Every structure is written in structure tokens, then in C-alpha cells.
Amino acid sequence: MMIRKLCAFAGFALIAGWCTAANYVVTNTNDAGVGSLRQAISDVNIMPGSHSITFNIPTSDPNYVPSQGVWKISPTSTLPMVMRSNLLIDGNSQTTNQGNTNPDGPEILLDGNHAFGSDYALHLYNVSGVIVQGFIIGRFTVGVEISGSNSQNITIRGNYIGCNYNATDTLSNTQGIEILSGPHNITIGGSTLEDRNIISGNNHIGVRVVNSNSNIIKGNYIGLNRTGTAAVRNYDGISMEGTSKYNLIGGVTAADRNYVSGNVAYGMLLFGAGCNYNTVSGNYSGTDITGTYSIPNTYGFLFDDGASFNTLGGRTPGAGNLLSGNSAYGVFIYNPGTQRDTVVGNLIGTNAAGTAALPNANGIVIDGPSFRHYVDSNVISGNLQMGIDIHIGGSDSNVVIRNFIGTDYSGTIAIPNAMDGVRLGEGPKNNIIGMPGKGNIIANNGGNGVSVMTTAELYNSISANSIYNNTGLGIDLFPEGVTPNDAGDADSGPNDALNFPVIDSVYFIWPNTYVKGHIDVPAPITTRIELFVAMADASGYGQGKDYLGYTYAIADGSWITSLPGIIAEEQITTTATDALGNTSEFSLNYSSPQAGLPENTENYADITAYPNPFSEGFNLEINGSQQFMDALQVKIYSCEGRLLMTSEISSTKHYIEASLLPSGLYFCHIQYASGRSSVIKISKR
């Protein structure tokens, strides 16, 4: 009896030692029994402690495939769920033990062969601290399943999931990786080459996250081969669904970037009411890994079915995504309940450098309807149709600010969208395209700068943008072409067919430029009139390149505003925006007079300066009665509007000594006590 007790105690002590840390070695490819993967998982599940499952299968094993350098394990039924935490499941150990027999990928192949009952290659349930690395996983319903609300701090890295031994062809699972119902702090991939998963060739989704929070997907190839140069298609790349929140796809460094290209439908998508507060940063979607040529998804990115308050891109350097080369849309925002998502800092339709076109069909489409999204500080250029298309009644109250639409990343070199820069069609209302201090550059596009297409589009504000060099009009309220003003602004149409302002005169009272005009609208005192220096188009109406400021009319519709500095021999145009937010087309351009010379009606006296040009000084003679001589003052300004000298005059003839002025052109502004003034141009040799 005593001996038996001692033996039992010795056995318990041995088990206790194993519980600290044990290595379970898979030595064959058998479906079951000693040395099998099935047996190793079963043993691990019943033994407390931190353990590992490693592989050391000889080349003599009957399921070694020498042409590929892999060992194929083909379960005839689903393997046991992994329910032991603090576990390393290490396919890379086969390389350590048997050599690098597959230079193009891992050596251990888990092949479900689509056998009935082989639902998962590996299913991790309510565990933490588990690492899965170094496997080829194909032909299961789900390659790797992670489920249970207690699952956390799990890493899946360095695997080929859905593709063959060298990631050149499919070995399709239905889903590649699925994180389902509560797991959190899961990492798929990593920031090194060794961490990268290639998740390609799956029949449905590469990575699917459902009702799970605070997970990271980074550093992976999803839909591509192992070199990132050709497609090995999933149907969708990454899908974030249900009530998933606070997840991160990508990161702000190149090492964290996912390359999500070549997928049949969507590269990346967030959908479902409650799929909120997720961030998608730094990824390439629709291109090769250099960002220079297209490997298209149909859609680069989708917000759908109520996904809200998410961020695509970011303001931190490196946070912007490259969403180019896709056969349909770079970004698609769709369906009722989808609201308040932010698209910021991305390149949409260009190469990774932002210097040349790598087109999507459309850049950004807001449709479905969805509403109250922010499109901010993106480059949206080079696309085959529209830069931005806001479509369908209910796609309302979106804000589009600080974007470059039709230019390179610097805003200076043309990369046109082939059709309109921005198009609103079939009913969107209350959208904001630019605002003071946050205007867009909308330039060089093959259609209009901004099109508002039907009578259903109302209250859309187009403000403070730089709109120029578009093939069509700067702003076109359909029907196409300039829409003439009507008496009393009684007609209706896109943006209520709001009448544009009319410029009546432009003149200078140095050093300011004054613009006078009138507007015929029902409520002129609440109608904001914005002024621009125009880059004239063939129509003569706009386009407004340089935003100058705004003013309001008085009750009779007349208005006047002063602008600092000189607008020399340039054309000025205007728009009107009423209290409801409707913005007009650009007004007929008005050519400003030569710098420094006001219109004759503003010259209060006949002034002569001689000699002109002068060397040391000049005589200023006022040809008129003594009434002009009350407290006269002369100011001399440079062409740039800088005050250089001031002189008082007490007679109708006065010599002004100006020997210290350098050679050049100047403006002499004579101010009378009455408040009237005159300007004359002088020059020095």
C-alpha cells in the first residue's frame, strides 16, 4: 500500500512538472492517434499550463509531397477546438527540424479537402495568449475560427490561408479567418515580413470580423500572391460586420500596411448598424505593392448598412490609404442608416506618390442613401468618371472640404477626372462643397467642376473653392450650359435655379479695389455674394480660381465691397448662396481696369504729373478751382500696394522730391478734404 501511494505521488509530481510547460510534438500526418495533430490538441486541452505544439515529421511520411516540400495533414472530421490558453501552435518548427523544404512558404499544409464535417482547420474558443504561425490552410469551411467573448491576445501570423504552397494559386476555404462574437485584442499579421499572412484565394472573405471589438489586422497580403504582383482572389478581402467597434485595419507605417487587392467584390468593407468607431489607415486597395499599377478589386472600400462614425484614413502622416485602380469605385458609401463616416487624407485615383493617374471608375460615391459624411483633405484625381458622385434623395448633409479634385498631391499639376469633379444627382440636399478657409481645389476635370443635375437637388452650398480649368462650367445647374437669370428669380430647378449676381463696376480708390453689383433674388439681404478672381472659360462665366471674400446685398439687391490690394487687368466673377444654402452658377466675368487707375467717374479732378517718367522728382498739378485745395494729401504706393511716402499739398502746383525711390511704376493717390480722391500712375527711370 505504501509503495502504491508513493508511486501515485510520484506520478502526480511528474504531471505537475508537465503542467508548467510542455511541448507536444506532431510526428506524422495521420488523422488520429499518437503523434498526430488531433492527439496533440486533445492532450493540450486537458493539461493546465503554458504549452506548445511543434512539428517534426520525417520526409518518409506517406503524405510528404516532395514536389512542393510540404507535409499534408487531411482531417476526416473537424479537429478538436483549441481551449487551452498560453499556447504556441508552431508550423515553423517543421522548418527548424527538417530544413527549409519549401522556400516559397510554410511546410505544414492543413488540407480540409472540402470533406464533410471538416468545418475548421483550427478553432480557438475562449482562450488567450495563443499564437498560430507557419501553416498553409486550405479547403475548409473556415481556415481559422476565433470565437468566444473571453478570447483575447491571440496572434495569427506567417500563414498562407486559402492559397497553395507558393501562394500562386487558390486552395480555397469559404472564409479564411473568422473572428466571431466577442474576441478582442486579436492580431492578424504583424509588422515584419515573418509576421505577414497571405490570405488569398478564399471563396468568400479573407478576414471576417463579426461582433468583435479592438482587434488589429496589419501587414498582410489579402487577395495577392506572395510577391504582391498578381491577384489570387478572395471574393471580399476584409469584412468588418455587425456591432464590431474600435478595430484597426492597417496603421501609419509601411510595415503595418495591408495590401488588399485583386478581390472579386470589395477590398475592405464595414457594414452593419453598430459597426462604429473603426479605423482603416495606411492600406493599399486596388494596386500592387508599389502602388504604381492596378490589381483591381471591384470596389476599394465600402461603408454599408448602417456603419457609422468610422474613419477611413487620418490626419497623421502615413494614415492615408491608397484607394486606386479599382474597376468600380475607390470608396462607396451606401444604404440607409450609414452616417457620419470620415474619409480623410487618402489618395483616390492616383499612384502612391500622388503624381499620376491610377484610376478607379469613380473616386467616391455616396449613395443608397447615406448622409452626414465628411470628405476632407483627400486627393481625388485621375478617375475615369467622376471625382465625387453624391447620388439619390436622402444622401444629404455631407461635407466636402479641403480636397484636391483633379490635381496632384500638391494641388498644382493636372490629374483630371474624366468627367465632373463633383456631381450631385437625383435628389441630394443640404450638402456642403467647400466653406471659407476650407475650400476645395476642383480643377482640370473633363466635365464641369461641380454639376447639380435635377430639380430634386436643393440647398447645396458650393463655397470658397478654387474652381478652374475644367472643360465644362465651373458650376453648372442643369440643363447643361449657362442658365440665364430670370426676373424676380421666379423659376425653379437644381439649387432652386438661384440667380447669380451681376457685377456692374470694378474700380480702385487706392489701395483698395471696389466691386459694385446687384442681384435679383427674393431675399437679397440674406444672400451671400462670394467674389473670385476668375480663370476665364469659353462661356465667360467663371471659373472662380481665387476666392477673395464675400458680402451681402441691401434690400434693393445692390451691393458693394472693397478688397485689399490690386487686382490688375484680371477678371472677377461671383456666386450667390441664399439662406437655404442654394448656390448659383458663376456670374458673367468682369474685367478689372488697369492697376491703380480708377474709372473716370471716380477721378474727382484733372491731375497732371510731369516729367513722367521722372528722375529726381516730379511736379503735380491740379487743374481745377481752389475748392480742391482744402487739406490736400498725396500718398505714393508701390505696385504691390505698399505705402512708400506721404506729402501735404498747399497749392495747385507742387513739386514732390522722390529721388530715393528705385526705378519702377508707382501710384500717386490724392486725397481731398471732402473725402473724394484721384489716382494717377507715375514712373521713375
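For the single chain, residues carry numbers from 1 onward in sequence order. Because the structure is predicted, anything quoted here is derived from the model rather than measured.
N278 and N310 share a donor-acceptor pair across their side chains, judged by distance under 3.5 Å alone. Using modelled atom types, one finds a donor on one side chain and an acceptor on the other under 3.5 Å when comparing T412 with S410. Side-chain atoms of T290 and D288 include a donor-acceptor pair closer than 3.5 Å.
Considering only residues two or more places apart in sequence or on other chains, R315 meets the salt bridge (charged side-chain N to carboxylate O under 4.0 Å, His left out) condition with D376. Applying the side-chain hydrogen bond (donor to acceptor under 3.5 Å, both in side chains) rule to T583 yields the partners T577; only residues at least two apart in sequence or on another chain are considered.
Counting only residues at least two apart or on different chains, the side chain to side chain donor-acceptor pair (under 3.5 Å) pairs with a member in residues 529-544 are S463-E530, N470-Q543, R528-E530, D537-S539, D537-Q543.
At least one side-chain heavy atom of N444 sits under 4.5 Å from a side-chain heavy atom of T407. Side-chain contact between L458 and N582: present, with at least one pair of heavy atoms (C-beta onward) separated by less than 4.5 Å. Residues I462 and V422 form no side-chain contact, since every pair of their non-hydrogen atoms from C-beta on lies 4.5 Å or further apart. A heavy-atom distance below 4.5 Å is not found between the side chains of M268 and N297. Residues T573 and F500 fail the side-chain proximity criterion, which asks for heavy atoms closer than 4.5 Å. Within the 4.5 Å cutoff, no side-chain heavy atoms of D341 are placed close to those of L312. Using a 4.5 Å heavy-atom cutoff, the side chains of P501 and S584 are in contact. Put simply, the side chain of N362 does not reach to within 4.5 Å of the side chain of N383, judged on heavy atoms.
The two residues C668 and V634 come nearest to each other via the heavy atoms SG-CG1, 3.2 Å. A pairwise comparison of heavy atoms in A609 and F618 identifies CB-CD1, 4.1 Å as the closest pair. For the pair N326 and P296, the tightest heavy-atom approach, listed with the atom from each and the gap, is CA-CB, 4.0 Å. In terms of heavy-atom proximity, G406 sits nearest to S381 at N-OG, 2.9 Å. Nearest heavy atoms, Y284 versus A352: OH-CB, 3.4 Å. The shortest heavy-atom contact between G382 and P359 is O-CB, 2.9 Å.
Within the 3.5 Å criterion, the main-chain N or O of L477 finds a donor-acceptor partner in the side chain of T483. Not one N or O on the side chain of S466 forms a donor-acceptor pair closer than 3.5 Å with the backbone of I441. Side-chain N or O atoms of D476 include one that pairs as donor or acceptor with a backbone N or O of G481 at under 3.5 Å. Checked by atom type and distance alone, the side chain of N398 pairs as donor or acceptor with a backbone atom of H373 at under 3.5 Å. Between the side chain of S324 and the backbone N or O of T350, at least one donor-acceptor pair lies under 3.5 Å. The main-chain N or O of N445 is never found under 3.5 Å from a side-chain atom of N417 such that the two would form a donor-acceptor pair. Side-chain atoms of D389 never come within 3.5 Å of backbone atoms of V365 as a donor-acceptor pair (strictly under, hydrogens ignored). Counting only distance, with no hydrogens or angles, the side chain of S281 and the backbone of G313 share a donor-acceptor pair below 3.5 Å. A donor-acceptor contact shorter than 3.5 Å is absent between the side chain of N469 and the backbone of A443. No donor-acceptor distance shorter than 3.5 angstrom exists from the side chain of N351 to the backbone of L358, with no hydrogens or angles considered.
Taking the six-membered ring where the residue is Trp, Y550 and Y552 present perpendicular rings, their angle passing 60° and hence far from 30°. Using a 30° and 60° split on the angle between ring planes, Y329 and F332 fall in the perpendicular class, above 60°. A parallel orientation is assigned to the rings of Y277 and F309, their planes being inclined by less than 30° (bins at 30° and 60°).
Counting non-hydrogen atoms of neighbouring residues, nucleotides and ligands closer than 6.0 angstrom, the NZ atom of K438 reaches no more than 12 such neighbours. Within a 6.0 Å radius of CD1 in I560, other residues, nucleotides and ligands contribute more than 12 heavy atoms.
D578 contributes atom CG, which lies 8.0 Å from atom CG of N495 (distance to the nearest 0.5 angstrom). Note that CZ of R372 and CZ of R340 are 4.5 Å apart. Values are rounded to the nearest 0.5 Å. The OH atom of Y610 sits 14.0 Å away from atom CD1 of I682, with the distance rounded to the nearest 0.5 Å. To the nearest 0.5 Å, atom CD of residue Q339 and atom OG of residue S397 are 10.5 Å apart. Between atom CG of residue N460 and atom CG of residue L498 there is a gap of 12.0 Å, rounded to the nearest 0.5 Å. Here CG of L323 is found 10.5 Å from CD1 of I380. Values are rounded to the nearest 0.5 Å.
Only one option out of N440, N321, N346 pairs with N378 in a side-chain hydrogen bond (donor to acceptor under 3.5 Å, both in side chains); it is N346.
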Go through it in stages, so that I can follow the logic: the residues are W559 and I503, the test is side-chain contact (heavy atoms from CB on, under 4.5 Å), and I'd like the CA-CA distance, side-chain angles, deciding distance and then a yes or no. CA-CA 9 Å; W559 52 270; I503 300 173; 4.3 Å; yes
What verdict does the side-chain contact (heavy atoms from CB on, under 4.5 Å) test give for N485 and D520, after you've listed the backbone C-alpha separation in whole Å, the side-chain angles of each residue and the deciding distance to 0.1 Å? CA-CA 8 Å; N485 286 342; D520 185 3; over 6 Å; no
Taking it one step at a time, do V400 and N431 satisfy side-chain contact (heavy atoms from CB on, under 4.5 Å)? CA-CA 8 Å; V400 178; N431 293 283; over 6 Å; no
Evaluation steps, side-chain contact (heavy atoms from CB on, under 4.5 Å), between K545 and V533: CA-CA 6 Å; K545 183 177 186 295; V533 174; 5.8 Å; no
